[in-house]
Amino acid sequence: MARVMLTGGAGYIASHTATVLSERGHEIVLLDNFSNAERDVPARLRGLIGREMPVIEADIRDVDAVSAALAAHKVEAVIHFAALKAVGESEADPLLYYDINIIGAIRLLQAMQAQGVARIVFSSSATVYGQPDASPIREDAPTRVQNIYGRTKLVTEDLIRDLARTGKLRAAANLRYFNPVGAHASAVIGETPRGVPNNLMPYITQVATGERPYLNVYGNDYETHDGTGVRDYIHVMDLAEAHALALEHILANDVAVTVNLGTGIGVSVLDLVGAFERATGRRIPLNIAPRRAGDVASYYADPAAAAAIFGWRARRGIDDMCRDAWAWQARRSGVNDL
Ligand code: NAD
Ligand code: WQD
């Protein structure tokens, strides 16, 4: 087993990954500046996994702090989650995203190199594909970033590939997530979007609690089976399990891989609403609204590479995603009709 630092460790995907890593016997170290995470996440995690874990409050751009943490905890590998992730915000403030997502990654890699830590798993995104020619999308599909956020992910992937190619990193896995949703079955940790949720699932759950009156469906005239946008929603716990397998793969092999993480199943907005209503018994009023700028009609993964390389496939279906997303939101909103 290994000693692993999770940057952005108090965040949505990292905290769920921490539960799986701990169950598999890895020693985890969380590093986070808490700019987008609730401060009691580490305490909730300790309660969930029943073990203590070091928590370092630091910015990934602080090379000295990161270096000291890597040395103090004898870290053997890093899973790099820390970043900003809002497409609209990235277009409004490009330099903020270049600073945190790219310079932050460089500073982290410098600290890793200074401490001889040469293995990394990186949180990339299917956003790097932009408007795909077709789905399912394989890893060799063209990358056509269409926003600053996607640019920062592709640039960081390239940095990591170059460092692996030149022997500065011994192993690396760039993981391109499709659409993570849901929460840990305990409903103790989950997604905490700031303000009005941009993403579909948290918005649906807030309509279900009555915090939002209805869901705007951004376009029902796309070339899809029901006219609404199609995406590859993946349960955050499936994503967490993929990270554990990816980490163990790069601990055992000196390789550099780029892998899609999705179910391979395209689900439309109306499909998801229907599944949510069936899974929870809650009704979601709809308003058909104009298309959202930048949205593509349909994209979903070809998950074959993850199966071939990591032996991983998503196990949880859309009903599990809806049930767990609702349980988390209902608990946060004090709705107790579960
Ligand atoms: P999140 O915001 O919940 O987690 C990111 C964490 O990083 C937060 O805890 C935040 O406090 C921390 N952080 C941000 N800037 C930091 C800095 N400068 N120094 C230290 N910590 C910092 O987001 P998430 O949804 O868990 O996403 C995790 C990663 O996965 C991100 O890199 C994101 O781009 C990527 N990703 C997310 C999605 C998604 O839909 N959630 C999809 C694809 C890729
Ligand atoms: C999904 C579908 C919308 C909200 C985004 C980022 C991507 C990644 C994942 C970080 C689309 C429709 C949505 C609503 C709606 N994040 N929708 N009403 O846009 O596929 O991906 O999150 O890496 O970078 O772009 O996810 O959940 O915003 O939208 O009709 O209120 O739901 O049009 O078809 P998206 P989403």
Side-chain angles (χ1 to χ4, degrees), residues 8 11-16 36-38 81 83-92 97 101 123-130 146-150 153 176-184 189-209 211-219 222 228-240 261-263 265-276 279-280 282 284 286-287 289-301 314 316 318 320-330 332-333:
Y12 171 45
I13 300 172
S15 57
H16 287 77
N36 194 39
E38 294 174 337
F81 294 98
L84 300 183
K85 60 167 180 174
V87 170
E89 185 183 51
S90 77
E91 288 292 305
Y97 273 67
N101 290 9
S123 300
S124 189
S125 168
T127 295
V128 303
Y129 296 114
Q146 294 197 308
N147 53 64
I148 299 290
Y149 167 70
K153 287 301 178 181
R176 293 174 176 171
Y177 311 165
F178 279 67
N179 289 60
V181 296
H184 191 272
I189 54 174
E191 190 174 9
T192 54
R194 284 176 293 177
V196 179
N198 293 315
N199 295 139
L200 181 61
M201 181 67 97
Y203 202 102
I204 287 175
T205 61
Q206 291 188 11
V207 171
T209 60
E211 289 164 79
R212 313 273 172 207
Y214 54 80
L215 170 74
N216 284 309
V217 177
Y218 294 141
Y222 286 104
T228 63
V230 169
R231 295 292 184 273
D232 186 333
Y233 299 99
I234 175 171
H235 198 294
V236 66
M237 290 310 292
D238 277 328
L239 206 54
L261 293 182
T263 65
I265 298 166
V267 172
S268 75
V269 175
L270 294 182
D271 290 336
L272 190 66
V273 169
F276 187 89
T280 65
R282 314 291 287 195
I284 303 298
L286 304 178
N287 169 53
R291 292 182 176 190
R292 182 172 66 174
D295 274 353
V296 299
S298 172
Y299 72 69
Y300 51 91
R316 296 163 179 88
I318 206 71
D320 303 313
M321 298 178 213
C322 292
R323 181 198 62 230
D324 293 341
W326 170 236
W328 160 250
Q329 185 63 52
R332 278 177 76 78
S333 304

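For this chain, numbers begin at 1 and follow the sequence in order.
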Task: Side chains of R194 and N36 in contact at under 4.5 Å (non-hydrogen atoms) - done: yes
Open item on the list: When you measure from the side chain of E91 to the backbone of I148, do you find a donor-acceptor pair of N or O atoms at a distance under 3.5 Å?
Closed with: yes
- [ ] Measure across T127 and G150 and return the closest heavy-atom pair with its distance rounded to 0.1 Å.
- [x] CG2-CA, 3.6 Å
- [ ] Establish, yes or no, whether the cationic atom of R231 lies under 6.0 Å from the six-membered ring centre of Y300 and within 45° of the ring axis.
- [x] no
Open item on the list: Rounded to the nearest 0.5 Å, what separates atom OG1 in T205 from atom CG in D324?
Closed with: 12.5 Å
- [ ] Please assess V196 against Y203 for the test side-chain contact (heavy atoms from CB on, under 4.5 Å), listing each intermediate value before the final yes or no.
- [x] CA-CA 8 Å; V196 179; Y203 202 102; 3.8 Å; yes
TODO: Before giving the answer on side-chain hydrogen bond (donor to acceptor under 3.5 Å, both in side chains), spell out for N216 and N287 the whole-Å C-alpha distance, their side-chain angles and the decisive distance to 0.1 Å.
DONE: CA-CA 5 Å; N216 284 309; N287 169 53; 2.6 Å; yes
TODO: Would you mind reporting whether L215 and L200 have side-chain heavy atoms less than 4.5 Å apart?
DONE: yes
TODO: Assign the ring pair H16 / H184 to parallel, tilted or perpendicular, where the plane angle (0 to 90°) is split at 30° and 60°.
DONE: tilted
Open item on the list: For K153 versus S125, what's the shortest heavy-atom pair and its separation?
Closed with: CG-CB, 4.3 Å
TODO: Taking the side chain as every heavy atom from C-beta outward, state whether Y233 and L272 have any atom pair closer than 4.5 Å.
DONE: yes
- [ ] Could you tell me the separation between the CD atom of Q329 and the OG1 atom of T280, rounded to the nearest 0.5 Å?
- [x] 12.0 Å
Open item on the list: As an exercise, state the distance from CD1 of I265 to CD1 of I234, rounded to the nearest 0.5 Å.
Closed with: 10.5 Å
TODO: Check whether any side-chain heavy atom of R176 lies under 4.5 Å from a side-chain heavy atom of V128, and answer yes or no.
DONE: yes
Open item on the list: Do L270 and L286 make a side-chain contact, defined as non-hydrogen atoms from C-beta onward lying under 4.5 Å apart?
Closed with: yes
Task: Rounded distance [0.5 Å steps], CG in L261 versus CG in D238 - done: 10.0 Å
Task: Validation row: I13, V236 side chains within 4.5 angstrom (heavy atoms) - done: yes
- [ ] Check whether NZ of the Lys or CZ of the Arg R282 lies under 6.0 Å from the centre of the six-membered ring of F276 and within 45 degrees of that ring's axis.
- [x] no
Open item on the list: Check whether W328 reaches the backbone of E191 with its side chain - one donor and one acceptor, N or O, closer than 3.5 Å.
Closed with: yes
TODO: Work out which heavy atom in G262 is nearest to a heavy atom in A314; give both atom names and the distance.
DONE: O-CB, 4.5 Å
Task: Closest contact, heavy atoms only, T209 versus S333 - done: CG2-OG, 3.6 Å
Open item on the list: Test your reading of the model: is there a side-chain donor-acceptor pair from T228 to the backbone of V269, 3.5 Å cut-off?
Closed with: yes
Task: Lys/Arg N to Asp/Glu carboxylate O, R332 vs E38, below 4.0 Å - done: yes
Task: Residue pair E89 / Y97, side-chain donor-acceptor N/O under 3.5 Å - done: yes
Open item on the list: Do D232 and T263 pair up side chain to side chain, a donor and an acceptor below 3.5 Å, judged on atom types alone?
Closed with: yes
TODO: Determine whether Y299 and F178 make a side-chain contact, defined as any pair of heavy atoms from C-beta on separated by less than 4.5 Å.
DONE: yes
Task: For the student: nearest non-hydrogen atoms of V273 and I204, plus distance - done: CG2-CD1, 3.9 Å
TODO: Run the numbers on H235 and V181 for side-chain contact (heavy atoms from CB on, under 4.5 Å), then give the verdict.
DONE: CA-CA 5 Å; H235 198 294; V181 296; 5.8 Å; no
Task: Backbone of Y12 reached by a side-chain donor or acceptor of S15 within 3.5 Å - done: yes
Task: Residues Y177 and S123: side-chain donor-acceptor under 3.5 angstrom - done: yes
- [ ] Indicate yes or no: at least one non-hydrogen side-chain atom of V230 is less than 4.5 angstrom from one of Y222.
- [x] no
Open item on the list: Is it the case that the side chain of N199 and the backbone of P202 share a donor-acceptor pair, with hydrogens and angles ignored and the cut-off at 3.5 Å?
Closed with: no
Task: Separation of Y129 OH from Q146 CD (nearest 0.5 Å) - done: 14.5 Å
